[in-house]
Amino acid sequence: MAATLPMIAGALALGIPAAHASDSPARDTLTGTKPAWATTKADKGATADSSRVSARVYLAGRDAAGLAAYAKSVSDPSSASYGKYLSAGQAQSRFGATKAQVAAVRSWLTSAGLKVTGVSQHYVSVTGDVAAAEKAFGTQLHNYAKGSKTYRAPSKTASAPESLNGAVLTVTGLDNAPHKADHDEQLPGPGAVFKNSGPFSSYYGSNIASTLPDAYGTKIPYAVQGYTGKQLRAAYGAGKYTGKGVRVAITDAFASPTIAYDAATYAKKHGDAAYTTGQLKQVLPKNYTHTGADECDASGWYGEETLDVEAVHAVAPDAQITYVGAASCYDDDLLDSLSKIVDNHLADIVSNSWGDIEANQTPDLAAAYDQVFQFGAVEGIGFYFSSGDNGDEVANTGTKQVDTPANSAWVTAVGGTSLAVGKGDKYLWETGWGTEKATLSTDGKSWTNFPGAFTSGAGGGTSKTVAEPFYQKGVVPDALAKANNAAGNRVVPDISAIADPNTGFKVGQTQTFPDGSEKYSEYRIGGTSLASPVIAAVQALAQEARGGKAIGFANPSIYAKYGSKVYHDVTDNPTKSGLAVARVDFVNGYDATDGLATSVRSLGKDSSLVAVKGYDPVTGVGTPTNGYVESYKRR
């Protein structure tokens with residue numbers, strides 16, 4: 001991707017349509033529509049003319065450059081336009097596509113032999129055979145080897161008629177490699193029961209594993225059973241604020257059929273405020289697709305929704321929560337769920353615990369995502385994305401890279417920590433989340449190959465495709481920003497919160513037990529899938545603190561507060577010695593029938609990423625302190 005993407009990184013970061021370099025006197029190129037993996041070496045020949053293509057032609061709107069510029073100014077506390085948000089209708093009238101543009105795009109597509117299957121404020125969707133697609137987009141479609149599989153892609157960059165005057169932002173679907181997201185968390189499939197074995201600590205350090213071997217020269221505590229909202233609210237300075245009057249949206253794929261019961265049961269068991277009528281809503285598609293285990297594994301997303309809803313309510317118990325489910329885990333459907341929120345202004349704060357590796361994102365999709373985020377910014381809507389659960393991604397993919405859409409310059413990427421909350425809900429310390437695991441030896445006297453292998457950690461690092469945004473300049477060290485490009489690139493994350501499953505959050509969900517019964521049970525969970533809704537909930541508290549005025553796209557504000565006392569400056573060694581917890585797990589995941597497995601989990605060991613004093617690629621600027629929420633108070 002390095003050969004293709006940096007050329008358009010600046011355009012994507014600013015939201016300028018990836019078009020308008022003249023390809024021929026009558027065509028405008030749609031830059032980035034030929035994926036980097038479609039190389040001459042991988043070319044397997046032309047795709048059959050009769051093969052079917054389904055594509056989306058995204059609309060650039062009236063003034064794409066103006067949209068990006070206004071999104072920046074309205075989000076920047078140093079700008080005269082700060083906080084002067086537009087309504088959804090005003091944003092569409094000022095920056096959206098005109099009826100004439102839509103009609104012209106439709107006419108172009110149908111004249112090429114494609115059938116229009118849908119029209120929204122953002123795109124025109126079409127289907128047709130390869131021959132019609134080639135005619136419309138001025139390119140040939142070939143088959144290319146990608147890994148062990150073969151996919152279709154344009155043999156040269158697609159284009160649109162110059163007569164459309166830049167009405168087209170980009171086109172997706174000309175390549176048919178999978179474009180889908182995974183939910184990032186340490187989560188078993190909720191279809192089958194998962195439970196944690198004990199012993200546990202009720203707060204960090206409350207139960208020392210005195211009969212187990214030392215780690216780092218000392219006895220270590222058992223992992224916490226799972227923090228509750230009361231403990232997290234205390235750790236991150238919620239104070240008297242509850243999120244009252246603030247609307248939070250959550251996007252994932254599909255929808256848990258038991259979410260209302262599970263959320264209500266969990267709140268009652270843990271002292272959270274009961275949900276009021278209408279406080280938890282769902283906005284769902286009419287039909288779902290790609291539900292199979294070999295594609296999106298629909299039931300695997302139920303626990304993700306459950307975690308997100310329960311975490312937001314635990315930290316911001318009076319916030320309104322709207323869950324917007326996507327029809328599948330594919331990008332087109334996830335984009336639709338985000339667009340629903342923006343087009344109808346369903347919330348001011350949006351938590352998204354899903355993503356993919358940057359290498360799998362093509363520039364056409366990046367442009368489509370950024371446009372939605374920019375429309376959100378001008379309306380005062382902020383998007384928060386998990387930074388990922390595989391550290392620098394080398395262990396997972398063999399290549400050091402960040403995750404997407406967290407890499408977008410227009411979202412708040414949320415990294416992860418290991419959190420120690422002590423007796424009386426006192427904040428003790430945090431490390432960057434990164435886990436190394438070693439198992440107990442057969443004789444029980446040592447840890448085998450201590451500290452063991454890396455298992456998971458907060459995603460972060462330097463993007464290869466997105467230019468350095470203005471708000472990171474002067475805060476993110478050059479060694480990070482310029483790691484891939486002398487001009488500087490986006491670095492992830494921006495801010496962080498609890499993520500380590502070994503210092504995780506207790507969640508409650510209806511699960512299927514071995515006897516076939518379905519019943520509510522609880523377990524500890526983590527991942528940046530936890531960090532994102534926790535930060536979204538903290539932002540809801542901050543919005544309440546400023547009298548309900550939307551924070552909007554928060555990064556300029558987050559970085560403006562850098563270096564102040566509103567952040568815990570998280571490092572990997574807060575106690576100046578190695579840190580670890582002991583875990584005992586059921587071998588079969590639910591009871592002791594097949595035995596127990598005992599392990600030591602070291603904290604602060606995130607692949608090649610390190611949490612250090614100042615900004616770092618594990619925790620960003622840090623985590624909220626007691627002063628963070630109050631810092632948004634309007635003065």
Side-chain angles (χ1 to χ4, degrees), residues 227-250 272-273 307-321 347-353 380-387 411-417 419 421 425 427 430 433 458 493-499 503-505 526-562 564-570 619-634:
Y227 292 127
T228 62
K230 184 170 177 283
Q231 290 167 305
L232 296 187
R233 282 176 52 81
Y236 293 133
K240 63 184 180 182
Y241 297 106
T242 61
K244 188 175 181 63
V246 182
R247 299 176 301 160
V248 178
I250 293 164
D272 298 337
L307 164 63
D308 294 351
V309 168
E310 291 177 358
V312 168
H313 185 70
V315 177
D318 287 329
Q320 297 288 318
I321 300 174
D348 294 328
I349 296 165
V350 190
S351 180
N352 312 273
S353 294
I381 300 172
F383 293 90
Y384 299 79
F385 275 87
S386 303
S387 69
V411 306
T412 300
V414 184
T417 67
L419 171 66
V421 180
D425 302 334
Y427 176 94
E430 283 170 279
W433 169 40
D494 300 305
I495 194 169
S496 56
I498 178 175
T503 66
F505 176 68
T528 53
S529 277
L530 169 59
S532 182
V534 167
I535 287 295
V538 170
Q539 294 298 90
L541 307 179
Q543 183 166 321
E544 180 193 2
R546 70 194 314 240
K549 173 71 173 176
I551 294 168
F553 172 47
N555 284 11
S557 293
I558 287 171
Y559 283 87
K561 301 173 191 292
Y562 173 72
S564 71
K565 294 181 179 179
V566 305
Y567 298 122
H568 299 291
D569 188 356
V570 180
T619 67
V621 298
T623 63
T625 67
N626 284 333
Y628 179 80
V629 169
E630 287 279 351
S631 75
Y632 281 88
K633 212 167 184 178
R634 301 177 78 188

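Just so it is clear, the model here is predicted, and its values are computed rather than measured.
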Validation row: [X], [Y] side chains within 4.5 angstrom (heavy atoms):
X: T228; Y: L232; value: no
X: V315; Y: L541; value: yes
X: S529; Y: L307; value: yes
X: I321; Y: H313; value: yes
X: I250; Y: V350; value: no

For the [atom1] atom of [X] and the [atom2] atom of [Y], what is their distance to the nearest 0.5 Å?
X: T619; Y: D569; atom1: OG1; atom2: CG; value: 7.0 Å
X: D308; Y: S353; atom1: CG; atom2: OG; value: 4.0 Å
X: K244; Y: Q543; atom1: NZ; atom2: CD; value: 14.5 Å
X: N352; Y: F383; atom1: CG; atom2: CZ; value: 7.0 Å

Heavy-atom pair of closest approach, residues [X] and [Y]:
X: T503; Y: I498; answer: O-CD1, 2.9 Å
X: V414; Y: S532; answer: CG1-N, 3.9 Å
X: T528; Y: S386; answer: O-OG, 2.8 Å
X: W433; Y: A499; answer: CE3-CB, 3.6 Å

Taking side chain to side chain donor-acceptor pair (under 3.5 Å) as the test, write out the residues that go with D272, two or more places apart.
none
S496: side chain to side chain donor-acceptor pair (under 3.5 Å) partners, not counting sequence neighbours
none
Any residue meeting side chain to side chain contact (heavy atoms under 4.5 Å, CB included) with [X], in chain and number order, not counting sequence neighbours:
X: A554; answer: Y384, T412, Q539, I551, I558
X: Y427; answer: A235, L419, E430, H568, T623
X: P493; answer: S387, A413, Y615

Listed partners of D494 passing salt bridge (charged side-chain N to carboxylate O under 4.0 Å, His left out), at least two apart:
R490
Pairing residues for [X] by the ring-ring contact (aromatic ring centres under 6.0 Å, His included) criterion, not counting sequence neighbours:
X: Y559; value: Y471
X: Y562; value: none
X: F385; value: W354, F373
X: Y628; value: Y567, Y632

Backbone N/O of A316 and side chain of D318: donor-acceptor pair under 3.5 Å
no
For residues 532-546, pull every pair meeting salt bridge (charged side-chain N to carboxylate O under 4.0 Å, His left out), keeping only residues two or more places apart or in separate chains.
none
Pair listing, salt bridge (charged side-chain N to carboxylate O under 4.0 Å, His left out) test, anchored in residues 230-239, at least two apart:
K230-D425
Between K565 and T625, does the side chain to side chain donor-acceptor pair (under 3.5 Å) criterion hold? Intermediate values first, please.
CA-CA 7 Å; K565 294 181 179 179; T625 67; over 6 Å; no
